[in-house]
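Below: one structure, written as structure tokens.
All chains are named by letter (A, B, ...) in the order of the sequence lines, taking the proteins before the strands, and each is independently numbered beginning at 1.
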Number of protein chains: 2
Amino acid sequence: MSSSKPSATEKGPSGRPYHHGDLRRAILTAALDAIAADGPSGLSLRDLARRAGVSHAAPAHHFKDRAGLLTAIAAEGFGLLATTLRAATDLEEAGVRYVRFAREHPAHFQVMFAPELLRTGDLELTTARALASDALREAVTAVPPEGRGTDPRLAGVAAWSLAHGFATLLLGHNLEDPVGGQDPEEVFRKLARMLFRHSG
Amino acid sequence: MSSSKPSATEKGPSGRPYHHGDLRRAILTAALDAIAADGPSGLSLRDLARRAGVSHAAPAHHFKDRAGLLTAIAAEGFGLLATTLRAATDLEEAGVRYVRFAREHPAHFQVMFAPELLRTGDLELTTARALASDALREAVTAVPPEGRGTDPRLAGVAAWSLAHGFATLLLGHNLEDPVGGQDPEEVFRKLARMLFRHSG
DNA sequence: CACTCAACTTGACACTGACAAGATTGCCTC
DNA sequence: GAGGCAATCTTGTCAGTGTCAAGTTGAGTG
């Protein structure tokens with residue numbers, strides 16, 4: 001496992017190569033695993049270091065802080081969300097993709113909306129968030145406002161609130177009974193159609 | 001200085017080094033303050049003890065754990081939410097009250113929906129949650145389904161998702177621009193009317 | 001080869017949650 | 001009123017954590 005890059009990283013006595021090779025990514029994925037399991041609060045940098053097989057202070061070099069690590073995760077999440085949303089054709093599809101993103105990347109999603117854990121002023125984070133925000137706004141304008149004179153900003157807030165609330169409640173296991181055995185995406189589609197009735 | 005509140009080191013009869021009087025409530029309110037300021041993750045039992053003027057292990061007697069404290073907060077929150085929702089006349093009003101609750105009790109709200117921080121099997125918590133859930137269900141049935149044959153369970157999920165998402169985004173300061181200077185409750189009323197159009 | 005610099009380690013400090021055992025006090029009973 | 005009991009709170013301690021400072025390694029560059 002550690003011999004994937006034999007020539008560069010192999011070390012003799014201690015068995016631990018000094019240069020991990022891709023420690024940043026290793027710690028990120030380990031963190032995503034841990035967060036998906038126990039939430040962002042239970043995260044331990046030292047535990048991540050142990051999982052990656054490095055010393056306890058190694059993560060600090062790539063992400064300065066605990067907040068730095070979480071900020072990097074949030075930024076990555078907003079980036080992923082932006083590309084996902086940009087591929088949506090209409091607003092309903094954007095909402096479905098929003099919910100799907102939350103289910104497929106629960107760790108990212110949780111961290112993205114936990115402001116007190118993040119370095120909110122971080123440049124990488126704010127730009128990624130702006131990208132996602134733009135993608136959402138674009139999806140809102142793509143919905144045909146035929147026959148319904150709703151303020152597009154209001155429509156955006158409505159769509160975002162519905163998708164965000166549904167996704168959040170889903171991740172928190174608060175929607176067990178009502179959803180039953182149905183596919184969550186299909187359930188959300190029905191909710192979205194309740195919001196934006198195509199004038200029927 | 002020791003007339004009404006003698007120093008903590010004082011062990012005179014008028015002081016209260018022991019038997020704080022209402023330590024449980026004091027720690028709860030201190031915790032709510034701290035959570036509203038820094039989120040549940042930054043909570044420190046020792047800091048709460050310091051604020052209450054007791055020793056570092058005092059909280060453990062009332063709430064066994066950190067999880068125990070947060071569970072008590074969540075249970076209290078669900079209780080408050082239940083009484084608030086029960087006073088709603090229709091579903092829109094229930095949603096407005098839901099959002100208002102989140103804004104007036106942000107600490108409660110955050111903790112209520114942070115399952116990984118709670119003792120999910122706790123009896124007090126589950127009963128309080130059931131109360132709130134019943135109140136919501138009742139509000140859903142109170143909406144006149146005239147002309148709209150939507151499944152009531154689906155309508156409940158829709159209303160809950162919209163209110164929960166709006167409240168969550170609001171608390172996370174993600175709705176600054178769109179809402180502008182408008183009253184959040186009024187904005188939500190518009191969203192709710194988008195969902196449950198009263199056929200004009 | 002010497003230099004440089006990023007990646008990583010070692011060591012230390014203050015802080016935290018949790019547990020155990022002791023101290024104090026209100027209250028209940030006689 | 002005296003004695004005892006149980007709840008309440010304290011003190012002491014331990015392992016674990018985040019973060020900083022300083023040292024070590026190794027790979028690339030001139």
Sequence neighbours excluded and cut-off under 3.5 Å, please list the side-chain donor-acceptor pairs for residues 26-34 of chain B, or say none.
from  : atom 1 : to    : atom 2 : distance (Å)
B:T29 : OG1    : B:R25 : O      : 3.2
B:T29 : OG1    : B:A26 : O      : 3.0

- Sequence-distant partners of B:K64, side-chain hydrogen bond (donor to acceptor under 3.5 Å, both in side chains), two or more places apart: none
- Message: Can you tell me if A:R24 touches the phosphate of C:dA6, counting only side-chain N or O atoms and a distance under 4.0 Å to OP1 or OP2?
- Response: no
- Note on the structure: Of D:dA21, D:dT8, C:dA20, the nucleotide closest to the side chain of B:H62 is D:dT8
- If you check every side-chain atom of A:H56, which of C:dC8, D:dC9, C:dA12 has the closest atom? C:dA12
- Name the one of B:K190, B:R100, B:R97 that satisfies salt bridge (Lys or Arg N to Asp or Glu O under 4.0 Å) with B:E185? B:R100
- Query: Going by the side-chain hydrogen bond (donor to acceptor under 3.5 Å, both in side chains) test, which pairs reach into residues 45-61 of chain B, not counting sequence neighbours?
  - Reply: B:D47-B:R51
- Rounded to whole Å, the NZ-C1' distance (B:K64 to D:dA7) equals 15 Å
- Spell out, as yes or no, whether a donor-acceptor pair under 3.5 Å connects the side chain of A:T127 to the backbone of A:L123. yes
- Look up atom CG in A:L43 and atom CG in A:L69, then write down how far apart they are to the nearest 0.5 Å. 6.5 Å
- Task: Within residues 26-47 of chain A, find the residues that approach DNA chain D with a heavy atom at under 4.0 Å, and present them sorted by residue number.
- Result: A:L43, A:S44, A:L45, A:R46
- Length of the CZ-P vector between A:F63 and D:dT19, whole Å: 13 Å
- End-to-end bend of the helix from C:dC1-D:dG30 to C:dC30-D:dG1 (five-pair axes, 10° rounding)? 0°
- Message: What's the closest nucleotide to the side chain of B:S55 if the choices are D:dT10, D:dA21, C:dG17?
- Response: D:dT10
Residues 113-122 of chain B side chain polar contacts: donor-acceptor under 3.5 Å, at least two apart:
from   : atom 1 : to     : atom 2 : distance (Å)
B:R119 : NH2    : B:D65  : OD2    : 2.4
B:D122 : OD2    : B:E124 : N      : 3.0
B:D122 : OD2    : B:L125 : N      : 2.9

- Query: To the nearest angstrom, how far is B:R66 atom CZ from C:dC15 atom C1'?
  - Reply: 14 Å
- Once you round to the nearest 0.5 Å, how far does CD of A:E92 lie from CG of A:L195? 10.5 Å
- Message: Just to be sure I understand the rule, does A:A60 reach a base, reach only the sugar-phosphate, or reach nothing, if contact means heavy atoms closer than 4.0 Å?
- Response: nothing
- Item | Rounded distance (Å) that lies between atom P of C:dC8 and atom CG of A:L48 | 15 Å
- Using the closest heavy atom to pick a nucleotide of DNA chain C for each, name whichever of B:A57 or A:A58 lands nearer the 5' end. A:A58
- Message: Just the rounded figure in Å: distance from P of D:dT19 to CG of A:L69.
- Response: 10 Å
- Query: Over how many whole Å does the gap from B:R25 atom CZ to D:dT8 atom P extend?
  - Reply: 16 Å
- Message: So, OP1 or OP2 of C:dC8: does either fall under 4.0 Å of a side-chain N or O from A:H61?
- Response: no
- Query: Under 30°, 30 to 60°, or over 60°: which ring-plane class applies to A:W160 and A:H164, parallel, tilted or perpendicular?
  - Reply: perpendicular
